[in-house]
Amino acid sequence: MRIIGIDPGSLTTGYGVIDSDGRRSVHVTHGCITTGGGVLPERLGQIQRGIADAIGAAEPAEMAVEEVFVHRSAASALKLGQARGAAICAGVAAGLPVYEYPARLVKQSVVGGGGASKRQVAHMVAVLLELEGAAPAEDAADALAVALAHAHMRSRPATPSSARSGRRRAVRWTEKDL
C-alpha cells in the first residue's frame, strides 16, 4: 500500500510517501512545498498544486493528514486549517481516500509518546525508514510520521474501545463533502 502523509502549514507543507504492508514500511520520497509568503489565496493554490504534483508523481493509494490543533492563536489555527483544506482537496480530486490523525497520536505511533519533540520524531522516522544520512527537514519528517502512523493504524483492526476513545480516527473525504 502506498501512502502519502501530509503535514500542513501555510508557509511550508511537508509531504512524505511510503510503501507499507502494515509490518514494514519503506521510504519512497519526501519533500516540502514552500510558499514563500504572499497573500493567503495564492499560497493555498501553491499548496494544492504542489500536493497534486506529488500525488501524480508517486501515485499513492491513500492520503493521511495531520489534524489541526489550536496552539497559539485562533488566527494561526484558521490559516493552518485552510492549508490543510487545500491539501485535502488535492487528495480528493485525485480520488484518494483521505484519513485524519491527531498530532499526539502520530507522535505516539512513531516515537512512543504523544509529547515527543520534532527532533525526536525526525530521528525515529529516519530509524524506522532506514534513511541514510541526515534526517529529513522537520516538515517532511512530520509528514512521513503521519504516513507511518496511518500504516500502523490501518494494520490494526478497529475495536469499539479505540473508536470511542478517538485513538483511531479515519475520515474519508469525497468531492461532495467539499
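- In this structure, the separation between CG on L144 and CD1 on I4 is 10.0 Å, given to the nearest 0.5 Å.
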In a table with atom names and distances, give each donor-acceptor pair under 3.5 Å that connects a side chain of residues 58-65 to protein atoms at least two apart or in another chain.
unit_1	atom_1	unit_2	atom_2	d
E62	OE1	H150	NE2	2.6
E62	OE1	R154	NE	2.9
E62	OE2	R154	NH2	3.0

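- Linking ILVMFWY side-chain heavy atoms closer than 4.5 Å, directly or via other members, places M1 and L128 in a single hydrophobic cluster.
- Heavy-atom minimum distance, I47 versus A87: CG2-N, 4.3 Å.
- Residues passing the side-chain contact (heavy atoms from CB on, under 4.5 Å) test with A145 are V106, V110, V121, V125, sequence neighbours excluded.
- R2 CZ: more than 12 foreign heavy atoms inside a 6.0 Å radius.
- Judged as a side-chain hydrogen bond (donor to acceptor under 3.5 Å, both in side chains), the pairs with a partner in residues 28-55 (not counting sequence neighbours) are, in order, H27-H30.
- A 6.0 Å sphere centred on NZ of K79 holds no more than 12 heavy atoms belonging to other residues, nucleotides or ligands.
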Test side-chain contact (heavy atoms from CB on, under 4.5 Å) applied to V28 and V26, step by step
CA-CA 6 Å; V28 175; V26 178; 5.7 Å; no
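- Annotation: side chain of R24 is in contact with side chain of E130 (closest heavy-atom distance under 4.5 Å).
- No continuous path of hydrophobic side-chain contacts links Y101 to M124 [ILVMFWY only; heavy atoms under 4.5 Å].
- Of all non-hydrogen atoms in G31 and A140, the two that sit nearest each other are O-CB, 3.8 Å.
- Residues A137 and C32 come closest through the heavy atom pair CB-SG, 4.4 Å.
- The hydrophobic cluster containing I88 also contains L96, counting ILVMFWY residues as joined when their side-chain heavy atoms lie under 4.5 angstrom apart, directly or transitively.
- Remark: S117 engages R119, Q120 in a side-chain contact (heavy atoms from CB on, under 4.5 Å) (not counting sequence neighbours).
- Distance CD/E66 to CG/L80: 8.0 Å, rounded to 0.5 Å.
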Decide yes or no on side-chain contact (heavy atoms from CB on, under 4.5 Å) for L148 and L129, but give the supporting numbers first.
CA-CA 9 Å; L148 284 166; L129 294 175; 3.8 Å; yes
Let me check something: any side-chain donor-acceptor pairs from residues 7-18 under 3.5 Å, sequence neighbours excluded? List them with distances.
unit_1	atom_1	unit_2	atom_2	d
T13	OG1	G9	N	3.1
T13	OG1	G9	O	2.7

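- In terms of the salt bridge (Lys or Arg N to Asp or Glu O under 4.0 Å) criterion, D139 has no residue partners (sequence neighbours excluded).
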